[in-house]
Amino acid sequence: MMKLDTKHAFLKEDIASYQDIVTKCHEDLHNKTGKGNDYVGWVEWPNKYDKEEYARLKSVAADIREKCDVLMVCGIGGSYLGARAAVEMINGMYSDKKPEIIFFGNTFSSTYIAQVMEYIKDKEVAVNVISKSGTTTETALAFRLLKQFMEEKYGKEEAAKRIVATTDKARGTLKTIADKEGYETFVIPDDIGGRFSVITPVGLFPIAVAGIDTDAIMTGLKKAYEDLKDPDLNKNAAYAYAVCRRILENQGKDVEMLVSYETQMTMVAEWWKQLFGESEGKECKGNLPTSANFSTDLHSLGQFVQDGKKVLYETLLLIEKPTLDLKFPEDGEDLDGMNYLAGKSVDWVNKMACQGTLEAHEETGGVPNLILTLDDMSAESFGYMCYFFFKACAITCYMLDINPFNQPGVEVYKKNMFRLLGKK
Ligand code: PA5
């Protein structure tokens with residue numbers, strides 16, 4: 001479902017020459033002997049997820065779909081990016097599916113927060129507050145506002161029926177609030193970190209409320225699990241991709257630009273940036289993950305890619321079959337001179353733009369291009385893609401002797417912010 005093409009990547013080393021180190025990293029991951037081994041619950045999750053909780057999640061989601069115009073998803077980082085990526089990739093940007101999903105609790109922007117609160121005031125609202133730690137300030141601040149809003153709008157009892165908390169099974173402030181108020185709760189497993197959690201209730205609950213077939217996501221996940229359980233680099237495209245990242249870094253390419261040609265993949269790129277950036281960017285190591293959406297960004301960043309400093313490589317994340325397509329119409333007068341495209345599909349035009357750009361960046365620009373091709377933007381492909389990137393990320397980090405599953409650097413800003421905010 002996800003293919004890797006390295007023909008345009010100018011690799012100066014043989015991928016197969018990394019087999020021994022990759023096999024060792026694979027064993028560390030699967031046998032839980034590598035760094036951060038308390039957080040590798042996602043590896044076996046496609047087989048071991050809690051089926052009872054999953055059934056309850058679908059039933060609560062169906063109930064919320066019935067009675068609400070809006071689901072407020074209150075979370076940040078790994079507690080929001082995956083769900084947003086899925087909803088946009090699978091449903092598209094202007095889906096008429098109800099309820100509308102609004103992402104909240106991911107910023108201190110007063111303008112954003114106030115505008116959203118105004119927007120939802122006359123709507124039927126439900127809330128899913130998501131936080132593993134239960135103490136993340138952006139989320140806690142937004143949730144206090146939402147909780148008060150819900151209690152004023154519906155009264156305490158009805159508000160409690162409309163608030164769902166996804167958090168640790170036993171600990172944390174959010175768990176305490178949820179238990180006291182009697183909210184429906186879903187568990188974030190102890191052994192799965194935020195940026196690997198889209199495949200747990202963290203992602204699956206809002207995704208189900210968005211009307212997406214979560215069973216198909218789990219099917220895609222299981223397929224990827226089966227396809228990617230063999231460390232053989234000739235068979236495992238995720239591991240081969242992980243190796244390519246290291247080879248390109250050895251060739252002086254410190255920046256990886258994930259490029260998509262589908263507007264609705266923009267948030268997938270944001271999710272991917274968090275996955276790789278927060279996992280790999282440690283101990284002064286790692287590639288800087290960045291992203292672009294072509295052809296839109298060919299009219300901005302494209303200039304740098306073509307002619308700028310040669311620090312980057314592109315990873316194209318291509319979609320074989322678009323969700324929708326349309327034929328370009330003929331025009332009798334042809335004043336715009338566009339009749340040469342009449343009768344062609346718009347997706348064909350997009351694919352030709354991609355081919356021409358690849359040629360330009362590779363041949364004239366000298367920019368290495370890795371190509372990942374995903375079948376389509378379905379729920380099943382989403383599940384497959386998540387697991388593919390999870391495994392690639394873990395292996396590429398282990399190759400650098402880095403713990404992929406912690407984020408010590410994130411604490412530094414928090415410490416300063418708390419001092420300035422006067423938190424005890
Ligand atoms: O990947 C991670 O672990 C982080 O990005 C977290 O998801 C993010 O900081 C939010 O944390 P929490 O769910 O504890 O509120």
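Whatever order the structure lists ligands and atoms in, that order sets their numbers, starting from 1. Everything quoted here is computed from the prediction, not taken from an experiment.
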So does Asp28 pair up with Lys24, basic N to acidic O under 4.0 Å? yes
Do Arg246 and Tyr18 form a cation-pi contact, if we require the NZ or CZ to be under 6.0 Å from the six-membered ring centre and within 45 degrees of the ring's axis? no
Close residues, ligand 1: non-hydrogen atom nearer than 4.0 Å: Ile76, Gly77, Gly78, Ser79, Ser131, Lys132, Ser133, Thr136, Gly194, Arg195, Gln274, Glu278, Gln407
For the student: nearest non-hydrogen atoms of Leu233 and Ile15, plus distance: CD1-O, 3.4 Å
So, Tyr39 versus Phe196, ring centres under 6.0 angstrom or not? no
Assess Lys223 against Tyr384: is NZ or CZ under 6.0 Å from the centre of the six-membered ring, and within 45 degrees of the ring's axis? no
Establish, yes or no, whether the cationic atom of Lys391 lies under 6.0 Å from the six-membered ring centre of Phe389 and within 45° of the ring axis. no
